[in-house]
Novice: 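The following block contains the structure, expressed as structure tokens.
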2 protein chains.
Amino acid sequence: MAASHPHAVDALLEGLGRELDRASPLPLYYQIKELLRERIERGELRPHERLPSENELERALGVSRMTARRALAELETEGYVYREQGRGTFVAEPKLRQSLLRLTSFTEDMRARGLRPGARVLDVRVMRDERVAARMGLEPEEAFVRVRRVRLADGQPLALETAYVRAALCPGLEAEDLTDRSLYQTLRERYKLQLGRAEQTLEAGAATEFEAQVLRIPVGQPVLLIERLTFLGDGRTPIEFVRSVYRGDRYKFVVELRR
Amino acid sequence: MAASHPHAVDALLEGLGRELDRASPLPLYYQIKELLRERIERGELRPHERLPSENELERALGVSRMTARRALAELETEGYVYREQGRGTFVAEPKLRQSLLRLTSFTEDMRARGLRPGARVLDVRVMRDERVAARMGLEPEEAFVRVRRVRLADGQPLALETAYVRAALCPGLEAEDLTDRSLYQTLRERYKLQLGRAEQTLEAGAATEFEAQVLRIPVGQPVLLIERLTFLGDGRTPIEFVRSVYRGDRYKFVVELRR
DNA sequence: TAGTGGTCTAGACCACACT
DNA sequence: GTGTGGTCTAGACCACTAA
């Protein structure tokens, strides 16, 4: 009984016991995992607070140790908790969870960095592009809305962004004003398009004359080239291909890798 | 007995049985997983080829089903195999494996790309570095083993890699020959250090004189700078800080973003 | 019907941390 | 010493797939 709040775990276990549904088709380990995850995300369990041990879950919920163990082990691989042999299972820092690879828009990315996002539209047109279509696994005749914008951070040019969005999935997008607006937010709110996953590549390059002019840097300066192929919620339908050119001196890409 | 090559699985099981070491301190499930993973990465098991079933592993290796199961289940979460109820366990497409965001060594990264990894050691020393220590959240007096290597892909220089490993956690590392050897594998197998997660940043830069000479490119050419802070399995104990400089014309970083 | 993976139980021994 | 997580065993029943 080493916890600072002796009754905290007991109260938690009681709640879990009430919510666990043995008649449900959902596996027991999954139900336990989800119940714990909800409490962590709602902040009812604070970072570094101890979760029930395998033994406590076993007794309180009437499940075997392997079932309790699986719930805790999956929470660990998903980054919600960390486990220490001989000590227990504890809620992980939210920072670590957030920095997991999430599909974010430029707007969200800048806000997370404490910068004011912006966008200046250079060009919007409906067009075809065989290479982009091939990259997305589509027919060469596929029509795209191409949106070319300068992305700003606190008013300063940070990136040149060229997005190719499938015209068939968002009719009329070319008429939208995308100045200082998130494209992803527009797709979500106006066209009800839920984004799922994206395949992204990053490489180093040197600024071309056009890029240098737009980004206000000398020709040949290092730039970070980022290409992203985004899919809808089903994980298979491509929706957009984006090529972005970031100033190398002002932008750093951050990822969190696991296992 | 539905396999197209009825004896393929039998031969595989025989090999596994010989390599499994019950006296090893490494867990059985881990050994089985690694042996299968090696065969997949070496291409001995082709995509969509069936792996031994849990039952077959159980009988051939003399382990319990849960142990065999855990090896296969972890291969699944790591993207190496897919499992279908009632059918079996099969080797996944390499493309899907690569795009998953995993904490991989240079060695694993190159193998996944179908290239032969290598390493030429430039310098190994035990030293202090206040800035690196601060970056890792350690006392300024902390001692590191600094390993500076040229990383090769198919024999060609691809990156300059400088790793700072905490000397206290791997005594004698400076005496190891890390030529053409994975540092992570050495940490895992010789020092029993399990890596957990890593925080990584990527940015674009221009090659310095030294980097250009080592990578055999002109000074000022674009390079991809990757810094990685790696933690042990507990997710909180820092173990190494690595700064890598990749040739911009030959290396592309791939990530898969979700949600 | 036989084989597969998915879930679950009820034990066991171990290394490790705390006190 | 007690409690924790890490590994492992030897069973069980189920849903699903394929012959």
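Please read these numbers as outputs of a predicted model, since none were measured by experiment. Naming: A, B, ... by sequence-line order, numbering from 1 per chain.
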Novice: With a cut-off of less than 4.0 Å, is there a side-chain N or O of A:Ser53 near OP1 or OP2 of D:dT4?
Specialist: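 So the side chain of A:Ser53 is within the cut-off, an N or O lying under 4.0 Å from OP1 or OP2 of D:dT4.
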
Novice: Quick one: B:Arg22 CZ to D:dT7 C1', roughly how many Å, whole number?
Specialist: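 About 12 Å, once rounded to whole Å.
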
Novice: Does a side-chain N-to-carboxylate-O contact under 4.0 Å join A:Glu199 and A:Arg135?
Specialist: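 Salt bridge flag = no for A:Arg135 with A:Glu199.
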
Novice: Please compare A:Val63 and B:Asn55 by the position of their nearest nucleotide in DNA chain C and report the one closer to 5'.
Specialist: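 So the residue in question is B:Asn55.
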
Novice: Would you call A:Glu54-A:Arg83 a salt bridge at under 4.0 Å N-O?
Specialist: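 Looking at A:Glu54 and A:Arg83, the cut-off is met.
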
Novice: Write down the distance between CE (B:Met66) and C1' (C:dG6), rounded to a whole number of angstrom.
Specialist: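 The answer, rounded to whole Å, is 10 Å.
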
Novice: Rounded to the nearest 0.5 Å, how far apart are CD of B:Glu240 and CZ of B:Arg166?
Specialist: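 That separation rounds to 12.0 Å.
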
Novice: Does the C:dT4 base have a donor-acceptor partner in the side chain of B:Arg69 within less than 3.5 Å?
Specialist: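 Result: no qualifying N/O pair found.
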
Novice: Taking only side-chain N and O atoms of B:Arg87, does any of them lie within less than 4.0 angstrom of OP1 or OP2 on C:dG5?
Specialist: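 No, no such contact exists.
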
Novice: Would you indicate whether B:Glu130, at its atom CD, is surrounded by more than 12 heavy atoms from other residues, nucleotides or ligands within a distance under 6.0 Å?
Specialist: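 No, not enclosed.
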
Novice: Roughly, in whole Å, what's the span from NZ in B:Lys33 to P in D:dC8?
Specialist: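 Whole-Å distance recorded here is 12 Å.
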
Novice: With a 3.5 angstrom cut-off on both distances, give the Watson-Crick or G-U wobble partner of C:dT1, or none if there isn't one.
Specialist: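 Pairing partner, where one exists within any strand: D:dA18.
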
Novice: Spell out yes or no: do the side chain of B:Arg50 and the base of C:dT4 have one donor N/O and one acceptor N/O closer than 3.5 Å?
Specialist: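 No.
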
Novice: Are there more than 12 heavy atoms of other residues, nucleotides or ligands under 6.0 Å from atom CD of A:Glu14?
Specialist: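 Not buried by this count: 12 neighbours or fewer within 6.0 Å.
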
Novice: D:dT9, OP1 or OP2 - any side-chain N/O from B:Thr67 closer than 4.0 Å?
Specialist: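 Answer yes for this pair, as a side-chain N or O of B:Thr67 is under 4.0 Å from OP1 or OP2.
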
Novice: Please work out if B:Arg70 contacts a base, only the sugar-phosphate, or nothing of the nucleic acid, heavy-atom cut-off 4.0 Å.
Specialist: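 Sugar-phosphate: the residue B:Arg70, judged by heavy atoms under 4.0 Å, touches backbone atoms but no base.
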
Novice: Rounded to the nearest Å, what distance is computed from the CG atom of residue B:Asp21 to the P atom of nucleotide D:dT7?
Specialist: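 After rounding, the reported distance stands at 17 Å.
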
Novice: Please classify the nucleic acid contact of B:Leu72 as base, sugar-phosphate, or nothing, using heavy-atom distances under 4.0 Å.
Specialist: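 No contact.
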
Novice: Grab the CG-C1' distance between A:Leu57 and C:dT9 for me, whole Å please.
Specialist: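 About 16 Å, once rounded to whole Å.
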
Novice: Between P on C:dG6 and CG on A:Leu28, what's the gap in Å once rounded to a whole number?
Specialist: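 After rounding, the reported distance stands at 17 Å.
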
Novice: Between A:Glu34 and A:Arg37, is there a salt bridge with N-O shorter than 4.0 Å?
Specialist: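 Salt bridge: yes.
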
Novice: When you get a sec, tell me which of D:dA10, C:dT4, C:dT9 is the closest nucleotide to the side chain of B:Ser64?
Specialist: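 Of the candidates, D:dA10 comes closest.
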
Novice: Measure CD/B:Glu54 against C1'/D:dT9 and give the value in whole Å, please.
Specialist: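 Distance, rounded to whole Å: 15 Å.
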
Novice: What is the separation between atom OH on A:Tyr82 and atom P on C:dC16, rounded to the nearest whole Å?
Specialist: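 Answer to the nearest Å: 20 Å.
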
Novice: Counting only side-chain nitrogens and oxygens, does B:Thr89 get under 4.0 Å of the OP1 or OP2 atom of C:dG5?
Specialist: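 For B:Thr89, the contact criterion (side-chain N or O under 4.0 Å from OP1 or OP2 of C:dG5) is met.
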
Novice: For A:Arg83 and D:dT4, is the shortest distance between a side-chain N/O and OP1 or OP2 below 4.0 Å?
Specialist: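 No.
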
Novice: Hey, which of these two, A:Arg65 or A:Gly86, hits DNA chain C nearer its 5' end, going by closest nucleotide?
Specialist: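 Looking at DNA chain C, the more 5' nearest nucleotide goes with A:Arg65.
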
Novice: State whether B:Tyr29 places a side-chain N or O below 4.0 Å from either non-bridging phosphate oxygen (OP1 or OP2) of D:dT7.
Specialist: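 Yes.
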
